[in-house]
Amino acid sequence: DPSQSHPRHVEEGTMASVQRDYGHAWHAMAAAMEENKAGLLGSDFVGLAKDQLSQAIVDQSKSGLKRRYIDHGHQVRVVFYSPDGSAMELHDTVRLEIQLLDGEKVVHCDQGTFYFLTLMTPAENSWKVRLLESVSGF
């Protein structure tokens with residue numbers, strides 16, 4: 001939902017690109033976490049987001065665990081789009097199930113509504129996730 005973006009309006013083509021690239025980033029993150037392979041994050045994540053996710057994968061791999069995300073839908077709002085088009089802040093309300101696995105056995109499961117603050121920036125021909133931070137709510 002780009003209707004609340006400030007100070008700039010989000011153009012239709014830009015919104016379609018952000019939607020596509022943000023969705024792809026979530027799929028890449030889920031695959032990377034489930035397979036314990038930071039390389040699967042690809043170029044969808046950059047900077048702090050990529051560093052934090054890569055470290056999370058290293059940490060869970062050392063413990064012999066992996067994480068599975070079962071996505072039940074996102075409600076994403078654009079709240080900031082910079083005047084020069086170089087950054088976009090998203091507030092994402094996600095219905096999600098997060099399973100912690102030891103091998104193929106689920107040892108813990110969190111299910112519910114989660115909130116993420118996301119900063120995306122354009123690079124090459126796509127938008128990249130620069131920050132993906134879990135927050136307590138909006």
Side-chain angles (χ1 to χ4, degrees):
D1 176 13
S3 66
Q4 297 177 14
S5 69
H6 295 291
R8 179 178 171 174
H9 171 75
V10 182
E11 300 83 8
E12 189 175 313
T14 300
M15 195 68 244
S17 296
V18 167
Q19 242 178 337
R20 177 196 66 223
D21 297 339
Y22 188 58
H24 191 265
W26 267 89
H27 287 286
M29 179 181 68
M33 289 293 198
E34 188 165 352
E35 296 184 35
N36 278 336
K37 294 180 180 175
L40 294 176
L41 295 171
S43 64
D44 296 305
F45 294 89
V46 295
L48 184 61
K50 189 165 196 165
D51 294 345
Q52 288 177 329
L53 289 170
S54 295
Q55 187 59 53
I57 291 167
V58 167
D59 293 346
Q60 76 178 18
S61 182
K62 283 180 183 176
S63 68
L65 301 172
K66 57 186 177 179
R67 206 171 314 177
R68 178 182 299 145
Y69 291 99
I70 301 170
D71 192 330
H72 297 291
H74 295 252
Q75 291 181 336
V76 182
R77 290 181 299 119
V78 178
V79 296
F80 175 79
Y81 185 28
S82 66
D84 64 356
S86 65
M88 189 177 292
E89 179 182 334
L90 310 175
H91 289 181
D92 188 6
T93 302
V94 186
R95 289 184 310 113
L96 194 62
E97 183 176 341
I98 305 170
Q99 298 176 341
L100 193 59
L101 297 103
D102 184 358
E104 293 303 313
K105 181 181 176 187
V106 176
V107 293
H108 182 76
C109 182
D110 282 329
Q111 186 172 349
T113 301
F114 298 85
Y115 304 95
F116 290 90
L117 174 89
T118 305
L119 178 64
M120 297 189 74
T121 57
E124 299 110 30
N125 294 320
S126 64
W127 286 81
K128 309 295 182 183
V129 175
R130 185 164 295 281
L131 175 72
L132 182 66
E133 192 71 35
S134 178
V135 295
S136 60
F138 296 116

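Values below: all heavy atoms of this structure, side chains included; hydrogens, waters and symmetry mates excluded.
More than 12 heavy atoms of other residues, nucleotides or ligands lie within 6.0 Å of CD in Glu97, so this atom counts as buried by the packing criterion. Counting heavy atoms of neighbouring residues, nucleotides and ligands inside a 6.0 Å radius, atom NE2 of His27 does not exceed 12 of them.
One finds no salt bridge joining Arg130 and Glu89 here, because no Lys/Arg side-chain nitrogen approaches an Asp/Glu carboxylate oxygen to under 4.0 Å.
Considering Thr121, Asp44, Thr118 in turn, Thr118 is the only one that fulfils the side chain to side chain contact (heavy atoms under 4.5 Å, CB included) rule with Val129. If you run side chain to side chain contact (heavy atoms under 4.5 Å, CB included) between Met29 and each of Leu40, Leu132, Ile57, only Leu132 comes through.
Leu101 and Ile98 fall into different hydrophobic clusters, where Ile, Leu, Val, Met, Phe, Trp and Tyr side chains are chained together by heavy-atom contacts under 4.5 Å. Both Val10 and Val76 are members of a single hydrophobic cluster when ILVMFWY side chains are connected at heavy-atom separations under 4.5 Å. When hydrophobic clusters are built by joining Ile, Leu, Val, Met, Phe, Trp and Tyr residues whose side-chain heavy atoms come closer than 4.5 Å, directly or via intermediates, Leu119 is grouped together with Leu48. One hydrophobic cluster, built from ILVMFWY side chains closer than 4.5 Å, cannot hold both Val79 and Phe114; they sit in different ones. Linking Ile, Leu, Val, Met, Phe, Trp and Tyr residues whenever their side-chain heavy atoms come within less than 4.5 Å leaves Ile70 and Leu100 in two separate clusters.
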List the steps and the verdict of side chain to side chain contact (heavy atoms under 4.5 Å, CB included) for Glu34 and Gln99. CA-CA 9 Å; Glu34 188 165 352; Gln99 298 176 341; over 6 Å; no
Do Lys128 and Lys50 pass the side chain to side chain contact (heavy atoms under 4.5 Å, CB included) test, and can you show the C-alpha distance, the side-chain angles, and the key distance before you say yes or no? CA-CA 10 Å; Lys128 309 295 182 183; Lys50 189 165 196 165; over 6 Å; no
Derivation of the side chain to side chain contact (heavy atoms under 4.5 Å, CB included) call for Tyr115 and Leu117: CA-CA 7 Å; Tyr115 304 95; Leu117 174 89; over 6 Å; no
Kindly determine whether Glu35 and Lys66 satisfy side chain to side chain contact (heavy atoms under 4.5 Å, CB included), including the steps that lead there. CA-CA 7 Å; Glu35 296 184 35; Lys66 57 186 177 179; over 6 Å; no
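In terms of modelled atom types and a separation under 3.5 Å, the side chain of Ser61 and the main chain of Asn36 share no donor-acceptor contact. Side-chain N or O atoms of Arg95 include one that pairs as donor or acceptor with a backbone N or O of His72 at under 3.5 Å.
With rounding to the nearest 0.5 Å, the separation of CH2 in Trp127 from CG in Asp21 is 9.5 Å. For the atom pair OG of Ser17 and CD of Glu12, the computed distance is 11.0 Å after rounding to the nearest 0.5 Å. Here Leu131 contributes atom CG and Met120 contributes atom CE; the two are 11.5 Å apart, rounded to the nearest 0.5 Å. Atom CD of Gln19 is separated from atom NE2 of His74 by 11.5 Å, given to the nearest 0.5 angstrom.
Residues that satisfy the side chain to side chain contact (heavy atoms under 4.5 Å, CB included) test with Glu11, not counting sequence neighbours, are Arg8, Thr14, Tyr81. Among residues two or more places apart in sequence or in another chain, the side chain to side chain donor-acceptor pair (under 3.5 Å) test is passed with Ser5 by none.
Here the side chains of Val78 and Val18 are not in contact, with every heavy-atom distance at 4.5 Å or above.
With hydrogens and angles left out, the side-chain atoms of Gln55 and Asp59 include a donor and acceptor closer than 3.5 Å.
Using cut-offs of 30° and 60° on the angle between ring planes, the pair Trp26 and Tyr22 is perpendicular.
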